[in-house]
Each structure stands twice: as C-alpha cells, then as structure tokens.
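Notes for the one structure printed next.
A, B, ... follow the sequence lines: proteins, then strands. Residue 1 opens every chain. In what follows, every heavy atom counts, from backbone to side chain, and hydrogens, waters and symmetry copies are set aside.
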Protein chains: 4
Amino acid sequence: MTDLFWPGDERAEDHFTSASFLHAMTEVERVWLGVLGFDPGQGFPAPAVAELDVESGGNAVVGLVAHLRKHLDGEVARWVHRGLTSQDVVDTALMVLARDAAHAVRRDLRAQIGLLADLADRHRASGMVARTLTQHAVPTTFGLKAAGWLGGLLDADDDLARLRFPVQLGGAAGTLAAVVELGLDPDGAGARLARGLGLEPAAPWHTSRAPITRLADAAVHCTDAWGRIANDVLTLSRPEIGELAEGAGGGSSTMPHKQNPVLSALLHSAALTTPQLAATLHLAAAQVVDERAAGAWHAEWSTVATLLRRTVVAGSQATDLLVGLRVDTDRMRTTLEAAAESVRSEQRSMNELTGREPSAGYLGAAEAQVDATLDRARAMLKSEGAP
Amino acid sequence: MTDLFWPGDERAEDHFTSASFLHAMTEVERVWLGVLGFDPGQGFPAPAVAELDVESGGNAVVGLVAHLRKHLDGEVARWVHRGLTSQDVVDTALMVLARDAAHAVRRDLRAQIGLLADLADRHRASGMVARTLTQHAVPTTFGLKAAGWLGGLLDADDDLARLRFPVQLGGAAGTLAAVVELGLDPDGAGARLARGLGLEPAAPWHTSRAPITRLADAAVHCTDAWGRIANDVLTLSRPEIGELAEGAGGGSSTMPHKQNPVLSALLHSAALTTPQLAATLHLAAAQVVDERAAGAWHAEWSTVATLLRRTVVAGSQATDLLVGLRVDTDRMRTTLEAAAESVRSEQRSMNELTGREPSAGYLGAAEAQVDATLDRARAMLKSEGAP
Amino acid sequence: MTDLFWPGDERAEDHFTSASFLHAMTEVERVWLGVLGFDPGQGFPAPAVAELDVESGGNAVVGLVAHLRKHLDGEVARWVHRGLTSQDVVDTALMVLARDAAHAVRRDLRAQIGLLADLADRHRASGMVARTLTQHAVPTTFGLKAAGWLGGLLDADDDLARLRFPVQLGGAAGTLAAVVELGLDPDGAGARLARGLGLEPAAPWHTSRAPITRLADAAVHCTDAWGRIANDVLTLSRPEIGELAEGAGGGSSTMPHKQNPVLSALLHSAALTTPQLAATLHLAAAQVVDERAAGAWHAEWSTVATLLRRTVVAGSQATDLLVGLRVDTDRMRTTLEAAAESVRSEQRSMNELTGREPSAGYLGAAEAQVDATLDRARAMLKSEGAP
Amino acid sequence: MTDLFWPGDERAEDHFTSASFLHAMTEVERVWLGVLGFDPGQGFPAPAVAELDVESGGNAVVGLVAHLRKHLDGEVARWVHRGLTSQDVVDTALMVLARDAAHAVRRDLRAQIGLLADLADRHRASGMVARTLTQHAVPTTFGLKAAGWLGGLLDADDDLARLRFPVQLGGAAGTLAAVVELGLDPDGAGARLARGLGLEPAAPWHTSRAPITRLADAAVHCTDAWGRIANDVLTLSRPEIGELAEGAGGGSSTMPHKQNPVLSALLHSAALTTPQLAATLHLAAAQVVDERAAGAWHAEWSTVATLLRRTVVAGSQATDLLVGLRVDTDRMRTTLEAAAESVRSEQRSMNELTGREPSAGYLGAAEAQVDATLDRARAMLKSEGAP
C-alpha cells in the first residue's frame with residue numbers, strides 16, 4: 001500500500017501490517033493447538049482484517065478466537081486458545097514480526113557494510129578537508145569518512161545481533177495456571193510453541209518489556225547511523241561544496257533544473273521521528289502496573305509497528321543511497337588545496353613545538369583507522385550468525 | 001480500514017488517510033486552476049493512491065501533476081500547477097485535513113462538555129473521598145470531580161478554537177515569483193485559493209511552522225484532558241474502590257467473569273503516545289533550514305496524520321466513555337463515611353485554631369466551583385463559533 | 001553559577017534556581033499570612049536552600065512550613081500556611097517564576113524583532129540565491145530571509161503574550177474547605193493572594209495542567225524559531241558559502257585559525273532538547289489522577305525549570321547572534337550571478353507559457369512580503385502589553 | 001547541593017556535577033601530559049568552576065587549557081593538551097563520569113536484587129489476587145510479583161553490564177594527525193591514556209555516538225524497571241487495597257493523618273522523564289554531521305548529566321523503597337478469598353473442558369517461576385564482574 005505521508009513506505013512490504021499481524025496471531029493459535037495435541041490441518045480458518053472487531057475486546061484476539069471457534073470443527077473448536085490469554089497471542093505475534101523485520105534490516109546493513117568497506121578502501125587516499133563545527137579543520141580522507149560511517153553501521157548491527165525474540169506464554173496473569181490445569185508441562189509447552197514459531201522459549205515477560213524496548217533501542221541505533229550518513233550527504237552535495245551527490249536526485253514540481261537529494265532527505269526525516277517512538281515504548285514499559293497494564297500495553301503495538309516499518313524502509317533507502325553515491329574526488333582535492341593555509345595551522349603549531357619537519361599529508365593515522373574498521377567489517381561479513 | 005495495532009482507529013474514518021490527502025491535494029490543484037482563470041469542470045482527473053510514485057520526487061505532488069497533465073485537455077494541462085510548488089500543495093492540503101479533523105474533535109468536545117455539565121450538576125452533592133498521592137485526603141463531591149474534568153476540556157477547546165488554518169502559497173522559494181511572472185496579483189490569488197478551499201489567506205509559512213506545531217499542541221492538550229479522565233475511571237473502577245464503571249466493559253479471551261475498562265485503557269494509551277508526536281513536529285520546525293528543509297519538512301506528514309487520527313479516535317472514545325459512565329454514589333458515600341475519622345483531620349486542626357464549630361460536610365467552595373465551571377460550559381455551548 | 005554542561009547557562013541568572021524557587025514559595029506563605037490578617041513584617045524568616053529536607057515530604061513545603069513556624073512569633077506561627085496545601089505553594093511559586101522568565105524572554109524577543117526589522121528593511125534588495133532541499137532554487141533577497149525569521153519570532157511572541165499566570169489556591173484537595181472553615185471568602189482570598197504576588201486569580205488547576213503545558217509549548221515555540229535562524233547561520237557561514245558570519249566566532253583548543261559559529265551551535269543544541277522537555281510536561285499532565293497525582297506532579301518541577309532556563313539562555317544568545325551577525329552581500333550576489341542559469345529555469349518555463357517578457361530580478365512579491373512583516377513588527381513594538 | 005526541583009537529588013552526590021566534570025577533564029589533561037612524557041607532579045593546577053568561561057569557546061576546554069598553560073611551568077605549559085582537541089577531553093571526561101555513575105547504579109541494583117530475591121523466596125506461598133487491566137483476574141502470589149520485579153532488574157543490570165567506557169582520542173578531526181606529528185604511536189598513546197583513566201582504548205567515536213546512546217538506553221531501562229515497581233506499590237498501597245505500604249510515608253503540609261508513598265511517587269516521576277532525555281541523546285547522535293557537529297554534540301552534555309543523576313538518585317530511592325516495604329499478607333489473603341468466585345472462573349472453564357479436578361490454588365507454575373528467577377539472581381550476585 002502506498003502511504004502518501006511516508007515516501008517509500010512500500011519498501012517495508014508486509015512487515016508489521018495489520019494483515020501480517022493477524023497472520024502471526026493466527027499462527028500462534030494454530031501452533032498452540034498443536035501443543036495441545038490437535039492437528040489443525042492445512043485449512044486453518046483465518047479471518048480477514050476487516051472482519052475483526054478490535055476495539056470492544058481491547059485487542060484483536062477476542063474476535064480472532066471467536067472466529068476460529070466458529071469455523072473449526074467441534075472438538076478442536078473447544079480447545080482453541082485454551083491456556084493462553086490475549087497478551088500471549090499479541091506479544092508472541094509481535095515477536096514474530098519483530099524477528100522478520102530485524103532480519104530484513106540486517107540484510108540491508110550487511111549490504112551497506114560491504115558497500116562502505118569497498119568505498120573506504122577505494123578512497124583511503126582521497127584527500128578532503130575535514131570540517132568541525134561547520135568550518136574547515138584539518139586534512140582527512142574520504143576513506144576515513146566512509147570508515148566512520150561504516151563503524152556506525154557495525155555498532156548498530158551489533159545491537160541488532162544481540163536481540164532475542166522470546167515467545168510470551170504466561171496465561172491469564174503470568175502464572176501459567178491454565179496450562180498446568182490442562183495437564184501440560186509449562187516448560188515443555190513453551191518450548192514447543194517457541195519452536196513452532198521460530199522464537200526462543202522464555203520466562204513470561206508480560207510485565208517486563210525489555211524485549212520491546214531493546215528492539216526499539218536497536219532500531220533507533222540504526223536510524224541514528226543512517227541519519228548521520230544522510231547529513232553528510234546533504235551537506236556535501238550542496239552546490240557550493242559538491243563533493244558528494246546522490247546517484248539520481250529527485251525532480252522538482254516547478255524547477256526543471258533541480259536534482260534534490262531525496263533519499264538523504266528521507267533518511268534525515270526518519271531519524272528525526274524514531275527516537276520519540278522509542279521513548280514512547282520506554283514510557284509504556286515504565287507505566288506497567290498490575291499483571292497487565294491498562295493502556296501502557298496497548299500503546300506499544302502501533303508504536304512498535306511504525307518504528308519498525310520506518311527502520312525497514314530507511315534501511316532499504318540507505319542501501320540505495322550508498323549504491324548510487326557519487327564521489328567527486330577532484331572537487332575534494334581542489335577544496336583541500338585551496339584551504340591548505342588554514343587547515344595546516346594546527347600542524348604548524350606542532351612543528352614549532354617539536355622542531356620536526358612537517359609530514360606531507362598531515363593525515364596521521366587515517367589509513368590505519370580505515371584498515372582497522374575494514375577488519376571489523378570483514379569479520380562481520382564472514383560471521384555465521386549474520387543474515 | 002481496521003487497524004489491528006490501534007483499536008478503534010476506524011472511528012477516524014477518512015481523516016488524514018492517504019486517500020483524503022490525495023483528494024485534498026487534487027482539490028488544491030483544481031481550485032488553483034480556477035485562480036489561473038480555467039474552469040477545470042466536473043470531471044477533474046484524480047489518480048488513485050496506488051498509481052502514484054511518492055518517493056522519487058520526495059512527495060506525491062510531482063506524480064500528481066504528471067497525472068493531471070496527462071489527463072487534462074491541452075491548454076488546461078499546460079497550466080496545471082503553474083505558480084505553485086510541491087510544498088504549497090502539500091502544506092495547504094494538510095491544512096484542509098487539519099481543519100476537518102479539528103472540527104470533528106470539537107464536535108466531540110462539545111458533546112462531552114454537555115455530558116459533563118450534566119454530570120457535574122447532577123452530582124454536586126454526591127459526597128466522595130478526595131484522594132491525593134493515592135491516599136484519602138478530605139471530602140469532596142463527584143460533581144466537583146466532574147467539573148474538574150469539564151474545566152480541562154474547556155481549556156482544550158479554547159486552544160482548538162484559536163487555531164487558524166492558513167493556505168500556503170509561496171511558490172518555489174516563498175517569493176511568489178512565478179505567480180507574479182504569470183501576471184497575477186499575489187494577494188488576490190492567495191485570497192481566492194483560500195476561499196476556494198475554506199482556508200484563511202496568509203503570508204507564506206513554508207519555513208515558519210507554527211500552523212503545524214500549534215495544531216499539534218492543541219491536539220495533545222485534548223489527549224492530556226481525556227487521559228486524565230481515563231486515569232480517574234481506571235482507578236475508581238478497580239473492584240476495591242468501585243465508585244465508577246464503564247458502561248460496557250470489554251470481555252477477556254480467557255476469563256469469563258471479566259469486565260475490562262477498555263475505553264479508559266485506550267484513552268490512557270493514546271495520551272502516552274501523542275506528546276512525543278508533537279515533540280517530533282516541534283523538532284521538525286526547529287530543524288528548518290534554507291527555503292525548504294530536506295527532511296524536517298518530510299517528517300511532518302506522517303507524524304501529524306498519526307497525531308490527528310489518534311486525537312479524533314480518542315475524542316470519539318471519550319464521548320462513548322462519558323455516555324456510558326456509571327456512577328456508584330452508594331459506594332462513594334460508604335467509603336467516605338468509613339474514612340470520616342481521617343479525612344476530617346485537617347478540619348479538626350482548623351477548628352482547633354479558630355475555636356469555631358466544624359462545618360457539616362467540610363466541602364468548602366465545592367458547589368460554587370461547580371457553578372463557576374457550569375457557567376463556563378454554558379457560555380461555550382452557546383457560542384457561535386463552536387461547531 | 002557556571003554550568004559546565006550548558007554553555008551560557010549563567011545568562012539565565014536567578015530564573016528558576018532553587019534559591020529563587022524557595023524565595024517564591026516563601027513569598028506565597030508571607031502574602032498568604034497577609035490574607036489571613038497577619039502582618040508578617042519585614043523580617044520574614046526565610047530558610048536557606050541547604051537547610052531544607054525536600055525529599056521526605058516529597059516537596060520543599062513541609063520543611064519550609066516547619067522552618068517558618070519555628071522562627072515566627074507564637075500566634076503568627078500557628079497561622080502559617082493554614083488553608084493552603086503544598087501544591088498551592090509549589091504551583092503558585094512556579095507561576096511567579098514562569099511569569100518572570102516569560103517576561104525576560106519577551107524582552108529579548110522585542111530586541112530581536114527590532115534588530116530583524118532593521119535587517120529586513122536594510123537588505124530588502126540584497127539578492128541571494130534561495131535554497132530548497134539544499135540545492136539552488138530561485139532568486140530571493142536576504143531581506144526576505146530576515147523577514148521570515150522575523151515572522152517566526154512574531155508568532156512565538158504571540159504565544160507568549162497569551163499566557164496567563166494564575167495563582168493556584170485549592171487547599172488539600174481543591175475544595176478550599178480549610179479556607180472556608182477559617183471563615184474566609186474563597187474568591188476574595190484568592191484575589192488577594194493573586195494581587196499580592198502579581199498573578200491572576202483562577203479556579204484551582206491542581207489537576208488541569210494547562211498553565212504548565214501552555215507555558216511549555218510557548219517556550220518551545222521560541223526555541224523552534226531561534227533554532228531555525230541558527231540553522232541558516234550555520235549553513236550560510238560554511239566557508240564554501242560564506243554569506244553570513246557570527247560577529248565573534250569561538251576559538252578552537254587546537255586549531256589557531258578557526259572561528260566557530262558558537263552561538264548558532266548552542267541555539268541549535270537548545271532547540272534539539274526542548275521539545276522533549278515539553279513532551280514530558282504533557283505526559284505529566286496526561287498522567288494526572290485523583291486530586292493530586294503521585295509522580296506526575298513531581299515530574300513537572302525540574303522539567304519546567306530546565307525548559308525555561310534554557311529558553312531564557314537561548315533568548316539572550318539569539319539577541320547576541322543577531323547583534324553581531326555579519327552579512328556578506330558581495331558573496332550573496334556573486335553566488336546568485338554564478339547560478340543565474342539554473343535559478344532562472346522556473347522563470348523561463350513561465351515565460352514560455354505566457355509569452356511575456358521575463359522580469360528583471362524574478363523576485364515576485366519579496367519586497368511586499370518584507371513590508372507586510374515589517375508592519376506586523378512595528379505593531380508589536382508599539383503595543384502596550386509588550387515588555 | 002539540595003535541588004528543590006528534584007527531591008532526593010543530593011543522593012547523586014558528585015556524579016555528573018560541574019565540579020566533577022571539571023575534575024575529570026583536568027585529569028584527562030594531566031594523564032595526557034604523562035603520555036607526552038611529562039610528569040605534571042602533585043600540584044596540578046585545577047581551576048574552579050566559576051573561573052571558567054564556558055560559552056565563548058563553546059565548551060570548557062579552551063578555558064581549562066588556558067588556565068593550565070598559565071599555571072604550569074614553562075616547558076610543561078607548552079605541551080599541555082598537544083595532540084588533543086576539545087572533544088577528546090569532553091567525551092573522555094564524560095566516560096569517566098559515566099563509568100562511575102553506572103557503577104553506583106549497579107551497586108544499588110545488586111542490593112535490590114538481593115532484597116527482592118529474599119522477598120520472592122519468603123512470599124512464594126503468599127497468595128494474592130492478580131489484576132489485569134485493573135480488574136481481578138486469577139490467583140497469584142506476592143512471591144511471583146516480587147520475582148517479576150526482580151526479573152526486570154536483572155534485565156536492566158544485564159544492559160549496564162555490557163556497557164563499555166571508551167576513551168575518545170581523535171585529535172582535531174579524528175585522524176590523530178597531531179599525535180602522529182608529535183612522534184607518538186597513536187595506538188600506544190590511546191592505550192596509555194585509557195589505562196591512566198581506567199577506561200578502554202577505542203577507535204575515535206567523535207561522530208559515532210553509541211557510547212552515549214547505549215548508556216542512555218541502559219539508564220532508561222533501569223528507570224523503566226523501578227517505575228514499574230513503584231506503580232505496583234502506588235496501586236497496592238491505596239487504602240482500599242492496602243496490600244503494600246512504604247516503610248515511612250511522607251507527611252502532608254496540612255493533613256495530619258496522611259502517610260504518602262513518597263519514594264514510589266518520586267520513582268514514578270523519574271520514569272516519566274528519562275525516556276525523553278534518552279530520545280534527545282539519540283536525536284543528537286542522528287544529527288551528527290561533519291567531523292564535529294555544531295549543536296548536536298553540545299546537546300549531549302547536560303542531557304546525559306541529568307539522565308545519569310536521575311538514574312543514580314532513583315536507584316538509591318528504589319533501594320530504600322525495597323528495604324522499607326511492608327507486605328500485608330493478611331490483606332492479600334482476605335481479598336483473594338473474597339474474590340474466589342470470580343478469579344476461579346477461568347479455572348472452571350478449564351475443568352469443564354478436561355473433566356479434571358480443579359487444583360487447590362490454581363497457581364500453575366508460579367513457584368517454579370520464582371525458583372527460576374532466584375537462580376538467575378544468585379548467578380548474578382555471584383558473578384565476578386558485578387560491583
């Protein structure tokens with residue numbers, strides 16, 4: 001579905017849509033029936049999104065269970081959902097969606113890490129002026145700038161890699177009383193539910209929301225890292241600077257000559273919105289009360305869906321940005337040479353202090369730093385766990 | 001469309017959907033053609049949302065204009081969008097949507113103000129215990145509590161009432177150069193565009209985003225006010241307190257006996273999410289740079305759409321909550337009487353100080369305050385400007 | 001006190017310090033004694049901040065009242081604080097501080113409005129290139145840019161001008177029961193308390209926090225407006241652009257040649273932090289429950305203090321920025337001329353459409369817009385209510 | 001220093017004060033002199049906070065270096081700060097403060113984990129009613145509730161335990177050019193600086209702010225976990241429920257009978273404020289541009305200081321809350337028994353389904369879950385790395 005309010009939203013495909021959420025919740029019920037000893041077969045009756053009354057029960061599960069009970073055969077129908085509570089289904093389904101979205105993001109990060117490793121390596125000797133507080137500072141290389149971007153992505157991927165996607169199974173209030181009452185071994189039941197859905201078994205987390213908040217923090221870490229790349233592209237593609245350009249800029253509705261850095265603008269936009277979404281998820285976690293919070297729990301769903309969709313979209317846009325990025329090394333060199341007097345002022349004060357001869361490029365450990373980051377990138381790209 | 005992540009989302013109907021956004025943008029182009037001296041006629045060619053490529057131009061207008069030029073007759077086609085820029089169309093369309101959403105919210109506020117005025121009046125003598133920092137404090141009345149809720153809604157409506165919904169007309173960079181180049185009087189053109197869309201003429205606000213941030217602040221003011229009512233209902237409908245109850249609580253997926261305060265939970269949820277959305281809009285306003293910001297502008301659209309939809313939904317839910325609210329005055333009285341010893345401790349210290357006889361109810365100015373708030377409510381309900 | 005974490009914090013002087021908060025709370029108690037019919041005289045015993053145990057009572061008032069009772073003479077000592085509750089004292093004192101801080105901000109805004117009116121007028125014909133989405137767009141003037149900044153400040157001042165600073169007088173739970181029990185007329189008592197402190201009489205707002213959230217929203221509106229100016233200065237003072245410069249840039253600790261746009265950096269920094277502080281105040285307002293909220297109320301104090309101090313500091317820094325701002329009209333003109341081909345592309349498409357001759361500057365209504373904004377500025381500067 | 005706006009602020013002692021920040025920055029300069037081969041001796045000249053002009057250089061380092069150069073002997077004076085830039089000193093000093101604050105928080109977490117492990121064990125059979133969406137749900141035990149709190153703290157401690165506190169050493173723009181120009185081996189110099197300050201050597205992170213944002217996320221994780229405990233205490237200490245009480249409630253300024261749950265209120269307050277502070281730090285990370293960001297970097301200092309001080313304060317308050325917490329098992333049992341009919345409704349539907357006899361307590365796996373959490377707690381308490 002095209003979203004006119006969020007350009008590129010369709011890149012997120014089925015991640016965290018109502019339909020995929022419903023599918024995941026239905027899968028939780030189907031797998032759970034297997035745990036209860038029933039084979040629900042192929043034709044498991046999934047309702048359409050539009051058929052569900054979500055509000056009157058406070059979530060979609062009451063309506064989903066009613067639908068399933070109506071459309072399944074007698075004995076199976078009676079057992080649907082037994083032992084579960086709404087929160088088990090909703091939270092577990094969110095983890096299914098979260099796992100898939102995180103996987104998609106990591107695939108994009110992997111591609112970007114490869115692209116940036118190549119870029120950093122290729123431009124390890126491409127001199128440019130470093131800028132601090134908007135002003136020319138000292139010489140650097142575009143390779144080191146790319147390595148800096150790369151390091152940020154590696155940090156973000158580290159946070160995604162440590163995420164766990166646990167099943168939530170606690171029953172009405174976290175005691176698993178109904179599961180036990182049905183004669184099931186709670187640990188075994190949880191393990192089978194987790195296995196059937198590709199999640200991890202876990203203690204109930206209905207009131208401890210770290211699986212949500214850690215996911216949120218890791219997602220924001222990604223948009224932080226992409227946002228910073230976008231800022232550099234936006235700045236360096238200004239016509240007065242002209243050191244970088246997007247592969248294919250966006251057109252204007254009225255000015256025929258314009259080539260706008262659209263992908264960078266959209267990445268900057270995403271990075272402005274996600275931290276507050278994560279803050280909402282932390283607030284919700286901090287507002288938990290009782291064995292299920294009235295409101296704090298409900299606030300999570302749309303917020304995490306929006307946050308993760310935006311992260312997937314931004315991840316895809318960032319890959320395109322890096323694929324198409326054009327680097328004007330001539331312009332970089334020209335600007336650096338023109339600024340030679342000022343950007344060597346620090347060097348002169350060092351030489352005065354020591355009496356030593358000035359080094360040629362005043363580039364310090366730039367190349368060694370590029371190498372160190374490339375080592376880190378190669379290790380990540382070779383690792384087994386990565387997507 | 002049912003949104004499984006936000007129960008009740010369908011209450012917001014067409015407010016701030018992609019389709020209504022596209023319709024509003026198309027209307028801007030159609031009315032503008034009229035300003036340019038063309039009669040686009042009845043069959044103005046509106047594309048479907050799915051036909052538009054939103055991302056490559058950074059917004060939907062480039063694609064919309066291409067569609068219009070393709071489907072309109074020759075001379076008219078050449079004039080479509082002339083004098084405008086994308087931001088004129090997007091910002092003006094957002095104001096059309098904002099005006100309609102604010103109107104819907106005010107209709108609900110008006111209904112709620114009527115309901116609460118009645119409730120405050122009816123329960124002006126219904127004694128209950130006031131609670132501060134969770135503990136019993138002194139006597140109060142439910143009428144005064146309802147008047148307090150009412151005062152909060154009147155404050156929120158005041159902020160909505162002062163909103164202005166200005167047309168944005170600045171051309172490529174706010175100078176209106178193309179409008180003048182076409183031979184139009186810029187003020188006159190702006191006035192006609194505004195009149196044709198039911199908006200106000202205004203100086204270009206492409207880089208001064210107060211129309212967006214004031215809208216956001218007013219919307220959050222509403223959810224603040226509803227959230228506070230919801231908190232009281234959630235607390236007072238706990239079974240140990242039992243002074244209030246929702247008309248029809250939500251059922252549980254596993255516990256047959258439960259009656260959950262669903263509407264209050266959803267209002268509390270909404271109030272947890274909206275302040276951060278408004279913060280994003282302020283951040284976007286503060287990130288403006290140049291004559292059109294790359295990213296800060298783009299971050300507004302989905303954020304304001306989500307914020308306003310949630311406000312409309314919450315407004316409708318709040319009305320239902322108040323319509324159905326059940327007040328147990330017996331329970332209030334019983335609790336107040338049981339707490340008489342402690343909740344009169346302040347009174348005793350006053351009487352010791354003055355030597356005066358204790359008043360019967362120790363209710364101070366509660367009734368006068370109810371009357372003062374009712375006066376305010378009646379004035380609002382009678383005012384012309386209100387929806 | 002110098003705050004090493006917030007450069008320039010000392011500009012906020014005594015606004016919202018612990019000492020001024022304590023002074024304001026003490027004043028509330030002193031004036032209230034007058035309302036009760038006592039003349040506390042000149043030597044009212046104010047404790048030092050360090051003497052107060054703030055935590056055990058949850059706020060400073062319990063300790064303050066104990067101090068006053070110990071150091072005042074017998075009969076007066078017995079009457080201290082009678083009729084009030086902690087929240088009356090805290091909230092009213094916050095309004096005293098808020099009024100003073102808002103006044104200081106408006107004084108700076110007034111100065112800036114004068115400076116910008118002059119700048120816009122002086123540069124109404126200083127041509128420069130307008131930039132949209134970082135790229136050259138069409139011609140504009142620096143006068144129009146300055147008028148745009150000015151319009152943003154006028155909007156912000158409008159929001160400050162409508163703020164009200166109400167006394168809070170509700171007693172233990174908003175009923176004014178103790179006030180009445182003491183034999184006072186509650187309206188009269190409130191009016192005298194308000195008059196004695198330079199505030200407005202008002203219905204109790206202990207549970208309706210619009211006086212806090214409107215203050216917060218107006219403060220953020222200011223930092224939004226300054227932030228946007230700072231962004232333009234940061235961008236246009238890049239050496240490759242060089243159209244603006246701060247009067248006296250900051251030095252570097254290691255690079256002798258650098259002139260950093262420090263004031264702009266600090267204004268940008270402030271604008272990144274304030275929206276989330278306002279969000280916290282809205283969350284606190286939305287978390288109100290009972291007749292005094294446990295936690296939501298407490299969250300306001302430090303947040304509003306930080307927000308208002310930062311606003312006062314930023315206001316003062318913004319004035320300095322504008323006082324010292326250097327405008328390089330030669331550089332503006334050179335860049336505009338060099339970009340003539342592209343920034344006239346829109347104009348050419350208009351001329352092709354109409355067959356009319358191109359206008360000389362393609363500046364549209366730029367000058368008329370400057371005039372309109374100057375009119376607005378002059379009206380504000382002449383208004384009585386302004387500081 | 002007592003902070004009247006944040007009750008209990010003095011619990012944070014010297015963590016993240018201007019004085020300790022200055023001390024840490026001075027230490028960075030002193031240790032760096034050692035790396036440069038100088039022995040600055042005992043009497044290293046530290047300026048007082050009030051002596052520094054922080055604003056004109058944009059941070060305190062310019063002033064600090066000038067002070068040191070003035071007060072050190074000739075040759076040493078010339079070498080002060082050589083090879084460093086302001087950001088090296090500020091960022092490294094922040095990591096010193098962060099490490100100490102995180103250590104203090106972990107000490108409190110350790111104490112709380114011990115207390116809660118004891119509480120969970122002791123109350124493994126203390127039956128109480130579980131509440132979901134404010135209503136009675138099914139039976140549970142207070143031991144399981146305490147184990148739930150405990151699990152949340154263990155999760156939070158896990159996030160603190162993985163934090164790294166890296167030295168920042170990049171020189172003017174991250175190339176370490178001056179360090180190399182001075183003839184130093186950059187890796188060796190970084191390692192010695194880190195060792196001298198008790199930090200970890202690291203690649204320059206001047207533009208990749210994960211050390212700040214991960215710290216922020218972990219801090220918010222703590223306040224989330226404490227906030228949730230506080231919410232339960234606030235709810236369960238309502239007089240109508242009466243299952244928990246703070247050891248020593250706070251008094252009222254006007255109502256002699258009151259015992260307010262002050263510590264819980266303050267923890268709830270803290271948890272409302274911290275997520276938005278972390279959001280600001282993510283925004284700052286996402287706003288990085290160039291080799292040093294103008295504004296985004298500056299926004300971090302006060303925000304991280306406030307966030308960490310509040311976390312330390314809340315940690316200390318949470319320990320006191322748990323030390324003093326009073327549990328009324330009689331009240332719990334009475335309420336559970338009175339609610340037997342409804343809270344067994346789920347059980348009846350399970351028994352109807354299976355035909356099995358109802359279990360006595362309907363407590364499912366509650367005790368096994370307590371044991372599992374206690375195992376986790378014991379492992380943490382025995383671990384070497386923990387403070």
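Contacts between B:Glu341 and chain D at a heavy-atom distance below 4.5 Å are absent for every atom of the residue. Looking at B:Ala279, neither its backbone nor its side chain comes within 4.5 Å of chain D, counting heavy atoms on both sides. In this structure, chain B has no heavy atom under 4.5 Å from any part of D:Ser252. For a residue to count as touching a neighbouring chain, one of its non-hydrogen atoms must lie under 4.5 Å from one of that chain's; by this rule D:Ser264 does not touch chain B. D:Gln347 does not touch chain B: none of its heavy atoms, backbone or side chain, sits under 4.5 Å away. D:Ala338 does not touch chain B: none of its heavy atoms, backbone or side chain, sits under 4.5 Å away. For D:Arg348, no part sits under 4.5 Å from any heavy atom of chain B, backbone or side chain.
For chain B, the option among D:Ala339, D:Ser237, D:Gly242, D:Pro275 with the highest count of heavy-atom pairs below 4.5 Å is D:Ser237. Counting heavy-atom pairs closer than 4.5 Å to chain D, the top residue among B:Thr235, B:Val138, B:Val129, B:Val262 is B:Thr235. Between chain D and the residues B:Ala265, B:Ala137, B:Ser349, the largest count of heavy-atom pairs under 4.5 Å involves B:Ala137. The most heavy-atom pairs under 4.5 Å with chain D, out of B:Leu133, B:Thr134, B:Thr132, come from B:Thr134.
For the atom pair D:Leu144 CG and D:Ser126 OG, the distance stands at 11.5 Å (nearest 0.5 Å). With rounding to the nearest 0.5 angstrom, the NE2 atom of B:His282 is 5.0 Å from the OG1 atom of B:Thr213.
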**Study point:** salt bridge (Lys or Arg N to Asp or Glu O under 4.0 Å) between B:Arg131 and B:Glu243, worked out
**Key:** CA-CA 13 Å; B:Arg131 296 168 175 93; B:Glu243 297 179 353; 3.0 Å; yes
Exercise for review: Would you check, one step at a time, whether the test salt bridge (Lys or Arg N to Asp or Glu O under 4.0 Å) holds for D:Asp330 with D:Arg333?
Suggested key: CA-CA 5 Å; D:Asp330 288 345; D:Arg333 186 174 48 246; 2.6 Å; yes
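Side-chain N/O atoms of D:His268 and D:Asn231 include a donor and acceptor closer than 3.5 Å. For the residue pair D:Arg310 and D:Thr273, a side-chain donor N or O sits within less than 3.5 Å of a side-chain acceptor on the partner.
Judged purely by atom type and a 3.5 angstrom limit, D:His257 uses its side chain to pair as donor or acceptor with the backbone of B:His136.
Using cut-offs of 30° and 60° on the angle between ring planes, the pair D:Trp301 and D:Trp297 is perpendicular.
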